[in-house]
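Below is one structure, written out as C-alpha cells, with a few remarks after it.
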Amino acid sequence: MASQDWFDKDFYAVLGVSKDVSEAELKKTYRKLARQYHPDSNPGDAAAEAKFKEISEAYSVLSDKEQRGEYDQVRAMGSGARFTSGGAGGQGGFEDVFGGMFGGGGGGGQRVRFGQGGAGGAGGGFEDILGGMFGGGGFGQNSGGFRGFGGPTKGRDVTATTTLDFATAIAGDTVKLAQGNGRPVTVRIPAGVADGQKIKLRGRGEQSPDGGEAGDLVVTVSVRKHPVFERDGQNLRVDVPVTFVEAALGATIQVPTLGGDPVKLRVAPGTPSGRVLRVKGRGVPGKNGTGDLLATVQVAVPSHLSDKARAALDALAAALPDEDPREDLLAKARG
C-alpha cells in the first residue's frame, strides 16, 4: 500500500467502526460487509465490487496489530500531509513533511533526503527511516507479510469423494464425510446427482489465514450401477421382456419403477421388439422437472418347446403370409 493512502483514507470510517474497536468486533463487522458487497452476491455491480475492495483493503490493515499501529501513527501526523514533490511556490512535498520532523524547515531549511538503500549502499533508504520511526522493519511490512490492495486471502479449497448407490443418487441424501483434519462434515447430496458430478459447498473448506473468506468443499460423487435401471439424462431406461404371444396379440404388463410400486402398461397387438413405452414423471428429478421412465420391449423367445407347442407354431407359420421380414434390410444394404 502506498503511504499516501494511509493519510488519505479513514479505514475506520470505511468499516463503520470506532478507533478503539476490538479485534472480534472488527472481524464480525468485516464479514458482514464482505457478504453484503461480495461480487458473487452482486454480479455485474461495479459499485459493489469497488466497495468490496475498499473494505477488504481497510480490514487487511486494521486486522493486523502491527500494521494497525503504524497506520494510527501515520494518521496522527495529520490528514493534510501530501506525498508530492515540492516546487517553487507550490505546496510542500514529502520532504517538507518529514523535514520538519527531523529539524528541517518547511521552506528552505535542511531537508532529509530519502534515497533507495541497498546492501552495501550508503545509508538507509525510505523503508529504513520509516521502519525506525515506527519501531519495525520495512514500512508496510511485518511478520505477517504485506497484503496490498487485494485484501484478505481466501482459504484453500478441500476436495472429497463419496460413493452412492443408484437409488440414493436419484432420491438425494445426507452423508457424512471425514475431512483431512479428522473432523466429520455433513453434506447434503441433491436429488438427481449424476455419476462424476462435483458438488461445491461454499465456505466449508479451510479457513483463511488472515480473516478472509473460507475456502470451499468440493465433493465428487460416484454412483454404483443398478441391476435393472440405467440413467439417460433425466430419464430412466429399463428393458422389459414380453412373450411372443403378448407382443403378437397385445397384453397389459407390469413394469418396475425405481423405489415405487410397478405400473401397468398396455402392449399393443403386433408390438415389435425394441419399441419404447413411456411412463411420464417416473424418471430423475431435476431443476426442470422430473424425467420419464422408458420401457423398451424385448420379445422373449422360448428356448424349450413341447411337441404340442412346436406343432402349433408349425400350423401358425403355415397360416401366416409368405413374406421375408429382412427383405427391406437387404435391399437397403445393397444400396
Side-chain angles (χ1 to χ4, degrees), residues 24 26-45 48-49 52 55-56 59-60 63 150-238 256-261 279-294:
L26 182 70
K27 179 181 290 187
K28 180 180 178 181
T29 301
Y30 166 72
R31 287 182 173 177
K32 179 180 179 181
L33 292 172
R35 285 193 297 267
Q36 180 180 352
Y37 293 102
H38 196 281
D40 289 348
S41 302
N42 303 272
D45 190 337
E49 182 177 355
F52 178 76
I55 62 177
S56 296
Y59 182 73
S60 69
S63 63
T153 56
K154 181 181 178 181
R156 290 189 301 179
D157 290 347
V158 175
T159 60
T161 59
T162 186
T163 301
L164 306 176
D165 60 55
F166 192 89
T168 300
I170 299 301
D173 197 9
T174 299
V175 299
K176 281 190 175 181
L177 303 175
Q179 299 187 87
N181 54 19
R183 292 183 299 180
V185 57
T186 301
V187 179
R188 174 62 187 169
I189 304 297
V193 66
D195 182 51
Q197 184 174 336
K198 296 181 185 295
I199 300 173
K200 178 181 288 189
L201 287 81
R202 291 193 57 186
R204 303 291 291 276
E206 290 190 6
Q207 295 297 314
S208 167
D210 52 8
E213 183 181 2
D216 302 325
L217 173 62
V218 182
V219 182
T220 301
V221 178
S222 295
V223 181
R224 299 186 184 96
K225 291 186 178 299
H226 195 278
V228 172
F229 299 97
E230 182 179 349
R231 183 167 177 174
D232 182 6
Q234 294 300 112
N235 298 325
L236 290 177
R237 289 188 176 275
V238 59
T257 62
L258 183 65
D261 295 331
V279 183
K280 288 283 188 181
R282 301 305 292 267
V284 181
K287 294 180 180 179
N288 299 321
T290 303
D292 302 329
L293 174 64
L294 306 179

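Predicted model, so just to flag it, every value in this text is computed and none were measured.
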Quiz item: CZ of R35 to CZ of F52: how many Å apart, nearest 0.5 Å?
Solution: 11.5 Å
Quiz item: What pair of heavy atoms forms the shortest contact from F166 to E230, and how long is it?
Solution: CZ-C, 4.3 Å
Quiz item: Parallel, tilted or perpendicular: which fits the ring planes of Y30 and Y59, with parallel below 30° and perpendicular above 60°?
Solution: parallel
Exercise. Please round to the nearest 0.5 Å and tell me the distance separating atom OG1 of T29 and atom CD1 of I55.
Key: 10.5 Å
Quiz item: Taking only residues at least two apart or on different chains, which pairs with a member in residues 158-167 satisfy side chain to side chain donor-acceptor pair (under 3.5 Å)?
Solution: D165-T168
Quiz item: Taking all non-hydrogen atoms of both residues, which atom of L236 and which atom of R231 are closest, and how far apart?
Solution: CD2-CA, 4.2 Å
Quiz item: What closest approach, in Å, do D210 and T153 show between heavy atoms, and which atom pair accounts for it?
Solution: OD1-N, 3.0 Å
Quiz prompt | Chi angles and distances behind the side-chain contact (heavy atoms from CB on, under 4.5 Å) call for Q36, L33 | solution = CA-CA 5 Å; Q36 180 180 352; L33 292 172; 4.1 Å; yes
Quiz item: Closest approach of P43 and S41, non-hydrogen atoms and distance?
Solution: CD-C, 3.5 Å
Quiz item: Donor-acceptor pair, R204 side chain versus V158 backbone, under 3.5 Å?
Solution: no
Quiz item: Which atom pair, heavy atoms only, marks the closest approach of A171 to A191?
Solution: O-CB, 3.4 Å
Quiz prompt | Check: A48 main-chain N/O paired with D45 side-chain donor or acceptor under 3.5 Å | solution = yes
Self-check item: Summary of salt bridge (charged side-chain N to carboxylate O under 4.0 Å, His left out) pairs that have at least one residue in residues 211-229, sequence neighbours excluded
Solution: K154-D216, R202-E213
Check: residues 282-293 side-chain donor-acceptor pairs under 3.5 Å, at least two apart:
| unit_1 | atom_1 | unit_2 | atom_2 | d |
| --- | --- | --- | --- | --- |
| R282 | NH2 | T257 | OG1 | 3.1 |
| D292 | OD1 | G281 | N | 3.0 |
| D292 | OD2 | R278 | NH1 | 2.9 |

Practice problem: Say whether, by atom type as modelled, one donor and one acceptor occur between the side chain of N42 and the main chain of H38 under 3.5 angstrom. | Solution: yes
Quiz prompt | side-chain contact (heavy atoms from CB on, under 4.5 Å) assessment of D173 paired with L164 | solution = CA-CA 9 Å; D173 197 9; L164 306 176; 5.6 Å; no
